[in-house]
Amino acid sequence: MPGGVSSPVRAFRAVGGTPRFIVSGEGAWMTDADGNRYLDCLGSWGPLILGHRRPEVVAALSAALAEGTTYGAPTEREVLLAEKVRDFFPAMERLRFVSTGTEATLSAVRLARGATGRELIVKIAGGYHGHGDTLLMEAGSGVATFRSEAGSRGVPQALVELVRNLPFGDVGALERLFVAEGDKIAGFILEPICGNMGVVAPEAAYLQAARLLCSRHGALLIFDEVMTGFRVARGGAQEIYGVKPDLVCLGKILGGGLPAAAYGGRADLMALIAPEGPVYQAGTLSGNPLAMAAGLATLEVLDHERPWGKLGEATAHLADEIRALARRAGVAVTVNAVPGMFTVFFCTGPVTDFASARRSDAGRHGRFFHALLERGVHFPPSRLEAAFLSTAMGAAEYEHLLAALPAALAAAA
Ligand code: PMP
């Protein structure tokens with residue numbers, strides 16, 4: 001197994017040391033093979049908003065498991081989950097389930113090209129949409145952690161030439177691109193709140209400009225809310241900012257800890273997807289019964305408990321605490337936070353895009369990460385990622401984290 005892992009950032013290459021082999025999780029905690037317990041601020045990179053083994057999710061999974069694991073035929077839970085997802089995301093008039101966020105974004109991009117008959121795709125430098133060929137150049141997350149802006153070898157130059165990368169939040173750059181090439185642009189895909197260059201929230205005006213320019217030039221606006229969906233608000237970033245995209249990509253929380261994702265949007269666009277239309281997309285395990293059961297149980301709990309306000313307050317409070325502790329430790333940090341996710345950047349000045357995010361010092365971050373790990377807190381092992389909070393975290397968990405932070409920040413000084 002390259003790097004000994006199934007996904008690159010897990011290998012700890014950016015922070016040094018050996019990844020912990022995890023044997024179990026319970027609520028906000030996970031336990032490694034040596035019996036050490038960690039407060040889980042990794043949250044499986046986003047899905048676990050309810051923490052590990054939430055009883056309602058376990059019960060739904062057990063019930064589904066007793067019936068069967070996969071049929072390759074339609075099942076009722078897909079319909080129930082689709083209706084639920086549309087209720088959370090009204091922009092998804094129709095949708096299709098897939099298994100990973102990568103599939104959701106590459107399918108949305110194909111649909112944008114198929115619907116418009118155009119080939120150019122606009123994306124954000126430092127955005128990450130999975131590992132599809134079209135979307136890897138200047139991608140964030142692990143791509144930036146390991147290979148800088150080179151993206152990946154193996155992506156054909158012909159595809160690279162069909163992609164335009166823009167700095168996040170720069171309305172002028174977006175306008176200039178649309179003026180120059182607007183009639184060739186199939187779609188603009190972005191995380192409306194970035195999570196993969198670390199957390200970076202936009203000005204509302206930026207998303208509004210994106211909406212306006214796409215509409216004016218006949219391009220599709222695609223919001224990748226794989227990370228922010230069901231987390232930053234009930235209806236994701238698009239609800240917070242009041243901007244309606246043409247297509248939406250979801251994943252992570254949608255599967256409640258199992259592999260499920262979806263893309264969807266305007267009914268006229270989704271009618272172009274096979275078998276109704278000429279844009280092909282399929283999947284052996286798409287809409288898998290276990291994943292549908294876990295996703296449905298997760299969304300039902302979220303809808304019942306409506307934790308977003310509380311999670312938002314907890315995240316903002318934690319960010320304030322980290323800023324104060326860092327000042328006391330004499331270490332310069334910029335903390336960006338939105339409900340349920342935050343990033344501690346080891347640099348001064350605001351972090352508003354990929355260029356400013358990458359100023360975060362890797363050495364300081366690595367020492368911070370390991371000092372936390374030694375004290376029983378598992379953060380993401382890269383400086384360009386979001387840390388995640390879950391509803392399983394209560395007073396004891398926040399105390400544990402706050403107790404570990406002074407030494408971790410001192411280690412980074
Ligand atoms: N889009 C976003 C915004 C993501 O954060 C991710 C994964 N971190 C993906 C797409 C890809 O999802 P997956 O890893 O499930 O393919």
Side-chain angles (χ1 to χ4, degrees), residues 1-3 5-11 42-49 57 61 64 69-70 72 75 77-78 81-82 85 88-89 92 95-112 121 123 127-136 139-143 145 151-152 154-155 159 187 189-191 194-196 222-231 236 247-265 270 273-274 279-296 298-299 341 380 382 385-386 388:
M1 293 164 67
V5 290
S6 299
S7 192
V9 181
R10 295 180 198 174
L42 192 54
S44 190
W45 304 83
L48 295 183
I49 192 169
V57 178
L61 269 172
T69 56
T70 180
T75 61
R77 285 191 190 89
E78 292 165 78
L81 184 57
V85 170
F88 279 62
F89 286 84
M92 298 174 87
L95 62 93
R96 165 70 56 83
F97 287 115
V98 291
S99 297
T100 66
T102 297
E103 284 180 272
T105 60
L106 68 84
S107 306
V109 162
R110 180 176 302 148
L111 175 54
I121 295 294
K123 61 179 279 295
Y128 180 70
H129 309 288
H131 60 276
D133 278 346
T134 296
L135 302 172
L136 269 184
S141 191
V143 188
T145 304
S152 171
V155 175
L159 284 181
I189 183 167
L190 74 162
E191 301 167 71
C194 295
N196 287 291
I222 308 170
F223 277 180
D224 178 354
E225 298 225 43
V226 166
M227 191 181 280
T228 52
F230 312 105
R231 175 170 289 278
L247 293 172
V248 180
C249 301
L250 297 173
K252 297 194 191 268
I253 292 173
L254 174 66
L258 273 83
Y263 67 101
M270 293 306 289
I273 298 293
V279 177
Y280 196 72
Q281 182 274 312
T284 300
L285 289 172
S286 293
N288 172 263
L290 296 182
M292 297 294 102
L296 196 52
T298 298
L299 297 199
M341 52 194 270
S382 157
E385 302 283 352
F388 295 101

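Each residue takes its place number in the sequence, starting with 1.
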Spacing of [X] atom [atom1] and [Y] atom [atom2] [to the nearest 0.5 Å]:
| X | Y | atom1 | atom2 | value |
| --- | --- | --- | --- | --- |
| Leu254 | Phe97 | CG | CZ | 6.0 Å |
| Leu48 | Thr298 | CG | OG1 | 8.5 Å |
| Asn288 | Glu78 | CG | CD | 9.0 Å |
| Phe388 | Leu42 | CZ | CG | 8.0 Å |
| Leu106 | Leu111 | CG | CG | 11.5 Å |
| Leu81 | Thr75 | CG | OG1 | 10.0 Å |

What are the two closest heavy atoms between [X] and [Y], and how far apart are they?
| X | Y | answer |
| --- | --- | --- |
| Arg10 | Trp45 | CG-NE1, 4.5 Å |
| Ala262 | Ala104 | O-CB, 3.5 Å |
| Lys123 | Thr134 | CD-O, 4.4 Å |
| Asp224 | His129 | OD2-ND1, 2.7 Å |
| Met292 | Gly287 | CG-O, 3.3 Å |
| Pro380 | Glu385 | CB-CB, 3.9 Å |

Contact check, side chains of Phe223 and Leu247, non-hydrogen atoms, under 4.5 Å: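 Phe223 does not reach Leu247 side chain to side chain.
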So do Glu103 and Tyr263 actually touch side chain to side chain, heavy atoms under 4.5 Å?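 The answer is no, as the side chains (C-beta and beyond) never meet within the 4.5 Å cut-off.
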Check against side chain to side chain donor-acceptor pair (under 3.5 Å), Gln281 and Arg96: CA-CA 9 Å; Gln281 182 274 312; Arg96 165 70 56 83; 3.1 Å; yes
Met270 and Ile273: CA distance, side-chain angles, deciding distance, side-chain contact (heavy atoms from CB on, under 4.5 Å) verdict: CA-CA 6 Å; Met270 293 306 289; Ile273 298 293; 4.2 Å; yes
Please enumerate all residues that pass side chain to side chain donor-acceptor pair (under 3.5 Å) together with Thr102, with sequence neighbours excluded.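 If we apply the side chain to side chain donor-acceptor pair (under 3.5 Å) test to Thr102, skipping adjacent residues, the hits are His131.
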Tell me every residue that passes side chain to side chain donor-acceptor pair (under 3.5 Å) with Thr105, counting only those two or more places apart in sequence or in another chain.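 Once residues adjacent in sequence are excluded, Thr105 has no partner under the side chain to side chain donor-acceptor pair (under 3.5 Å) criterion.
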Just do the side-chain contact (heavy atoms from CB on, under 4.5 Å) check on Phe230 and Leu250 with the steps written out, would you? CA-CA 9 Å; Phe230 312 105; Leu250 297 173; 3.8 Å; yes
Check the pair Leu258, Leu61 against side-chain contact (heavy atoms from CB on, under 4.5 Å), reporting the backbone distance first and the verdict last. CA-CA 10 Å; Leu258 273 83; Leu61 269 172; 3.7 Å; yes
One pair to check against side-chain contact (heavy atoms from CB on, under 4.5 Å): Thr228 and Glu191. What are the steps and the verdict? CA-CA 8 Å; Thr228 52; Glu191 301 167 71; over 6 Å; no
N/O donor-acceptor pair under 3.5 Å between Arg231 side chain and Gly46 backbone: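 It does hold such a pair.
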